[in-house]
Amino acid sequence: MQANPALLQKILLSPKDLSTTLSWEAVFGRKAPLCVEVGFGNGEFLTWWSGKEPDKDFVGIEMPRECIVKACAELEVFERGNVRLVQGDARYLLRELFPYASIEKVLMQFPLPWPKDKHAKHRVIGSRWAATLADVLVPGGGFELITDQGWYAEEAAAAFSNHGGFQVSAPMLTNDRPFMTRYEKKWEKEGRETWKVEAILIQPFSADRFFLTSPVTHHHLPALPSNQLMKSLKGARFQGQGNVVEVKEVFGAESGWLLKMVASDESFSQIYFVRIANRSDGRALLKLEEGSRPFWTRAVRFGLDELEKRLS
Ligand SMILES: C[S@@+](CC[C@H](N)C(=O)[O-])C[C@H]1O[C@@H](n2cnc3c(N)ncnc32)[C@H](O)[C@@H]1O
């Protein structure tokens with residue numbers, strides 16, 4: 001499936017749009033209550049929800065590109081102007097991209113439960129999720145979870161109760177759903193139960209963030225590094241506090257070099273490129289390659305600082 005490129009460019013926000021002190025009012029061009037759907041799948045519910053409440057603004061967070069493309073097609077059919085999409089892991093992006101006390105409602109429907117213990121680290125729900133919601137929700141705002149896994153609903157309710165800042169409803173079976181996605185209709189036919197958990201924020205708490213509000217700027221090197229020095233960088237691994245940066249590949253490029261990097265803040269990993277370019281005054285410039293711009297995080301800044309040390 002192909003997305004309309006103009007629509008995709010308008011709806012899908014990139015790190016370039018989001019890497020400074022973020023104002024959702026500026027993104028939408030108005031001040032309106034903000035709602036977020038985490039893991040929107042192919043966007044059917046988000047399209048329905050944003051149409052039902054046109055006076056609110058909506059942000060969808062999903063991981064696979066195919067979901068973004070399918071959702072764009074849905075949104076195009078209904079011409080929604082009050083929706084933006086962000087691609088990536090909501091466990092981090094919800095905390096990093098939304099200011100304190102900025103969201104009225106966060107909804108997550110049928111998340112992947114990751115039932116095996118060894119995969120539990122992939123579950124969205126947990127103590128960190130509750131801490132994130134205690135920061136980004138407005139007081140009185142809420143999180144709603146819809147799931148077909150009773151044990152997951154129990155685990156979610158426990159995580160919010162343990163946090164202490166929320167009024168939490170016990171998991172309840174629900175069958176009066178206002179709109180069902182294709183998945184949900186199929187599961188209903190199979191006789192699966194649907195559980196709902198609601199957590200309303202009573203006592204906000206602020207959370208620590210690792211996205212930077214100031215840009216990761218370029219560095220100057222005394223000269224273009226030698227072939228030998230550059231080739232020795234392949235596979236280099238820089239270990240910081242809570243972050244790791246690796247040089248995956250080193251490519252020769254016109255008047256310089258291109259490095260393929262992976263920077264991880266906790267388990268939030270980004271792949272991007274760094275360019276080293278010859279300057280007319282004999283020095284060289286070390287900078288993030290614009291076309292692959294990552295979110296400005298502590299790890300991304302640390303990686304550039306470490307490269308400067310090795311190459312100067
Ligand atoms: C079973 S599908 C449900 C899709 C949709 N909510 C529905 O009800 O039709 C679960 C979705 O959650 C998304 N997801 C899982 N973990 C996520 C995360 N950490 N951040 C954002 N999306 C996530 C997956 O990519 C997948 O599309």
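The analysis underlying the following values was restricted to heavy atoms, covering all of them including side chains, and did not include hydrogens, waters or symmetry mates. Predicted model only: the values in this text are computed from it and were never measured. As the structure lists them, so they are numbered: ligands from 1, and atoms in each ligand from 1.
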Q: Assert yes or no for the condition that the ring centre distance of Phe211 to Trp296 is strictly below 6.0 Å.
A: no
**Q.** Nearest protein heavy atom with distance in Å, relative to atom 22 (N) of ligand 1
**A.** Gly39 CA, 3.6 Å
Q: State yes or no: are the ring centers of Trp49 and Phe58 separated by less than 6.0 Å?
A: yes
Q. To which protein heavy atom is atom 19 (N) of ligand 1 closest, and what is the distance rounded to 0.1 Å?
A. Asp89 OD1, 2.9 Å
Q. What is the closest protein heavy atom to atom 7 (C) of ligand 1, and at what distance does it sit?
A. Thr181 OG1, 3.8 Å
Q | Ring centres under 6.0 angstrom apart (Phe210, Tyr92) | A | yes
Q: Verify the ring-centre separation between Phe160 and Trp129: is it less than 6.0 angstrom?
A: no
Q: Considering the heavy atoms of Gly88, write down every atom of ligand 1 situated less than 4.0 Å from one of them.
A: 20 (N), 21 (C)
Q) Does the side chain of Gln270 pick up a donor-acceptor pair with the side chain of Arg293 at under 3.5 Å? A) no
Q) With atoms numbered from 1 as shown, which atoms in ligand 1 lie under 4.0 angstrom from a non-hydrogen atom of Pro64? A) 25 (O)
Q: For Val124, take its heavy atoms, then give the atoms of ligand 1 lying under 4.0 Å from any of them.
A: 19 (N)
Q) What do we get for Ile146 next to ligand 1 when only non-hydrogen atoms under 4.0 Å count, side chain, backbone, both or neither? A) neither
Q.
Considering Glu62, Lys186, Lys185, Met63 one by one, which has a heavy atom nearer to atom 24 (C) of ligand 1 than any of the others?
A. Glu62
Q) Looking only at side chains, do Arg279 and Ser255 share a donor and an acceptor under 3.5 Å apart? A) no
**Q.** Exercise: do Asp135 and Thr132 side chains pair donor with acceptor under 3.5 Å
**A.** no
**Q.** Side chain, backbone, both or neither: Tyr183 near ligand 1, heavy atoms under 4.0 Å
**A.** side chain
(Q) For atom 8 (O) of ligand 1, what is the closest protein heavy atom, and at what distance to 0.1 Å? (A) Phe110 CD1, 3.4 Å
Q. For atom 20 (N) of ligand 1, which protein heavy atom lies nearest, and how many Å away is it?
A. Ala90 N, 2.9 Å
Q. Taking all non-hydrogen atoms of both residues, which atom of Gln87 and which atom of Pro64 are closest, and how far apart?
A. NE2-C, 3.9 Å
